[in-house]
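For reference, the structure discussed in these notes is given below.
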Amino acid sequence: MINLPGRTTTSLNGLWEVIIDPFDAGKGSWIALYQDRKPESDSDFVEYGFDGGPRLHVPGDFNSQMPELAYYEGTLWYKRQFEYTPSDKRLFVHFGAINYRASIYLNGEFLGEHEGGFTPFQIELTDRVIKGENSLIVRANNERIRDGIPGLGFDWFNYGGITRDVDLVETPATYIKDYKIQLKRGDLGTIAGWVQLDGANLRQTIRLSIPEAGIDKTFRTDSKGRAEINLPAELALWSPENPKLYDVQIASATDSTREKIGFRTIEVEGKEILLNGQPIFLRGINIHEEIPQRKGRAFSEADAQMLLGWAKELNSNFVRLSHYPHNEHMVRLADELGLLVWSEVPVYQHIDFASPVIQRKMDLMIREMISRDKNRSSVIIWSAANETYPSPERNAAIARLSQLVRSLDSTRLVAQASNTFEYHDDRTEITDAAFEHFDLVAINQYFGWYRPWPEQPGVMKWVSDFDKPLIISEFGGEALLGSTAEPKHAAHSWSEEYHEDIHIQQVKMFDSMPELRGVVPWILVDFRSPTRMHPVHQQGWNRKGLLSDRGLKKKAWYIMRDYYDRVQKDWEAREHTP
Ligand code: GCB
């Protein structure tokens, strides 16, 4: 995958013409919308065309742009024309994401398809693009399917369409297709990675420069166009306190590119998480990729600024980008702001692990997620799954996924979030054996909401067979901002007071867990979920946000903010204690 920063790109963002096709009729050979036919004579009857129809913004989900598409799950055809003058360059179209299935056509010809709503893909146009006007057509379909990822049921809004940026990217005939430049696992003094060329001229000298760190070295690519990188380096390390990014430049005889990269290590040792060799505590927050005030998918840099700005205001040092890879703007901004990131594929709850095609789809999504963000210092955890339920098929699939992640990237931690545990009295036992395949034990628990509180949260003992760091990756409950229903301190009032109580009790429990290495409240902002149908309190929203759907702070926000201030001070004091 070509990395866009450091490249010559032409944005295809803007207004695209669309046709709404609820019966998915346009792909049939008789209608063939993708041909974008124009009448060739006065007697030539062409029934279908984009001219004069509605236009929608790209990037952007379609549901939030036209009232009649508010709950639409089906096919939309998109068309965008662009002028081009072919040269000796190669041309690619890059889609940041299309939810969920996409077919791409250029000038009436089918070029390729992609499945998966949250990862980018590229298609080469070099031999298909013509001089003058070109017509790019996309069929986007967001119908839920049983063997999709996620599957039929998920607790967030199924925004459809071309939800992320679209760019044309030009490269030389032989170009730097991809690279990984990171610190070697557990080694603060060695950069390790690789560079991959693509094209006819595969044996070349690659030059890697990081001027600010005095690095300027050359490497040879082999007959497959690949160079392994390994060199000693003295670098200022990237961390939440000092999110240092270096200008990294890579050049071959035929191409060059550059981007900003930070350098850090992340490991676990027993029950500790070590960032740059130092124990850390993750002061987290879960985030969905949604702007509630707009009732739409987040898609811009400004959106990322707002969401991650709130995370910083909460005094978080860690964000769990749930439950799918978020827009690239988010991880790039996290690099700049010094926020650690958990990135996840939507292998969610009741995925059909028995389906023969699901394995292939999961693997592809993991590859695409890692491929895009492998150079982001902020990303410390790849998550393979959320709340999947033990069964022979699931256990085997999960084990395989964790192996796949490790084989693709040895420099980060591998995790799953699980809600498989048991509790009696004041003792909670972690019973999901699949944690043996992961670096962390990450538990989602909703004491005080879906499950009653144990006798005394403040003396709760967490028992685990795993000598691994424990984090609470979800907890919380729902409240409608400003709810005045009585009795305030009861769950069924949906009051801010009860929501606040849940967080107070959770913090009490966290304080009694010396082995705890991070907490991640569910969730930053109230988010849309059509299955949340309580007619008064929910109205299509999951109300577990620390912020309301208008971005206003609920009482529970302050409980977490105070807790994070306190934990930060405690950990800083601990660092300075010999
Ligand atoms: C969970 C899920 C999350 C839901 C949340 C809830 O355990 O991981 O996707 O939205 O609970 O609100 O029930």
Side-chain angles (χ1 to χ4, degrees), residues 99 117-118 144 148-159 284-290 292 297-298 307 318-326 342-351 381 383-390 394 398 415-423 428 430-432 434-435 438 440-452 471-481 491-492 494 496 498-499 502-503 506 518-534 537-549 554 556-557 560:
N99 191 34
F118 303 99
R144 294 155 196 250
I149 303 174
L152 294 174
F154 44 93
D155 188 25
W156 66 85
F157 197 92
N158 184 24
Y159 291 111
I285 184 71
N286 277 288
I287 305 181
H288 261 304
E289 188 179 40
E290 186 180 60
R297 267 264 171 273
L307 293 169
F318 176 64
V319 290
R320 175 169 176 237
L321 302 182
S322 35
H323 285 298
Y324 38 76
H326 285 209
W342 162 308
S343 182
E344 179 162 298
V345 282
V347 173
Y348 180 87
Q349 293 185 351
H350 298 283
I351 283 280
I381 297 173
S383 167
N386 178 68
E387 295 185 355
T388 59
Y389 303 106
R394 172 270 197 180
I398 288 283
Q416 67 158 359
S418 170
N419 57 350
T420 301
F421 62 86
E422 283 169 13
Y423 71 108
T428 302
I430 292 157
T431 49
D432 188 351
F435 279 123
F438 297 98
L440 305 168
V441 174
I443 294 287
N444 298 350
Q445 52 82 9
Y446 284 87
F447 291 137
W449 192 249
Y450 299 126
R451 296 186 189 227
I471 74 168
I472 299 297
S473 36
E474 288 181 26
F475 64 95
E478 298 199 35
L480 190 62
L481 181 92
H492 58 87
W494 300 71
E496 276 196 63
Y498 185 73
H499 189 230
I502 291 180
H503 289 78
Q506 290 279 0
V519 304
V520 199
W522 187 260
I523 188 172
L524 181 64
V525 200
D526 286 356
F527 61 98
R528 293 181 73 210
S529 181
T531 57
R532 303 287 178 172
M533 297 168 292
H534 190 289
H537 305 298
Q538 292 178 311
Q539 300 179 343
W541 293 79
N542 182 316
R543 299 284 183 195
K544 296 193 184 71
L546 297 180
L547 298 171
S548 75
D549 58 20
K554 298 182 192 170
W557 164 282
M560 291 318 300

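Atoms within a ligand are numbered from 1 in the order they appear, just like the ligands themselves. These numbers come from the heavy atoms of this one structure, side chains and all, not from hydrogens, waters or symmetry mates.
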What verdict does the ring-ring contact (aromatic ring centres under 6.0 Å, His included) test give for H326 and H288, after you've listed the backbone C-alpha separation in whole Å, the side-chain angles of each residue and the deciding distance to 0.1 Å?
CA-CA 8 Å; H326 285 209; H288 261 304; 7.3 Å; no
Which residue and non-hydrogen atom of the protein lie closest to atom 8 (O) of ligand 1, and at what distance in Å?
E474 OE2, 2.8 Å
Ligand 1 atoms in contact with F527 (distance to a heavy atom under 4.0 Å):
10 (O)
Do R532 and F527 form a cation-pi contact, if we require the NZ or CZ to be under 6.0 Å from the six-membered ring centre and within 45 degrees of the ring's axis?
no
Do me a favour and list the nearest non-hydrogen protein atom to atom 12 (O) of ligand 1 with residue, atom name and distance?
K544 NZ, 2.5 Å
Which atoms of ligand 1 sit under 4.0 Å from any heavy atom of N542?
6 (C), 10 (O), 12 (O)
Side-chain (S473) to main-chain (I443) donor-acceptor, under 3.5 angstrom:
yes
Check D549 with R528, please: is the shortest side-chain N to carboxylate O separation under 4.0 Å?
no
Among F118, W522, F154, W342, ring pair (Phe, Tyr, Trp, His ring centres under 6.0 Å) partner for H323
W522
When distances are taken from atom 13 (O) of ligand 1, the protein heavy atom at minimum range is Y450 OH, 2.5 Å
Just by distance, do the side chain of K554 and the backbone of A479 share a donor-acceptor pair under 3.5 Å?
yes
Non-hydrogen atom of W156 closer than 4.0 Å to ligand 1:
no
Quick one: nearest non-hydrogen protein atom to atom 3 (C) of ligand 1, plus distance?
H323 NE2, 3.4 Å
Looking only at heavy atoms of N386, does any of them come nearer than 4.0 Å to an atom of ligand 1?
yes
What part of R532, side chain, backbone, both or neither, has a heavy atom within less than 4.0 angstrom of ligand 1?
side chain
Write out the residue and atom name of the closest protein heavy atom to atom 7 (O) of ligand 1, then the distance separating them to 0.1 Å.
E387 OE2, 2.3 Å
Using only heavy-atom distances, determine whether the side chains of N419 and R451 contain a donor-acceptor pair under 3.5 Å.
no
Among Y446, F475, W449, W522, which one has a heavy atom closest to atom 11 (O) of ligand 1?
Y446
Give me the residue, atom name and distance of the protein heavy atom closest to atom 10 (O) of ligand 1.
D155 OD2, 2.5 Å
Look at the side chain of S529 and the backbone N and O of F157, then say whether any donor-acceptor pair between them is shorter than 3.5 Å.
no
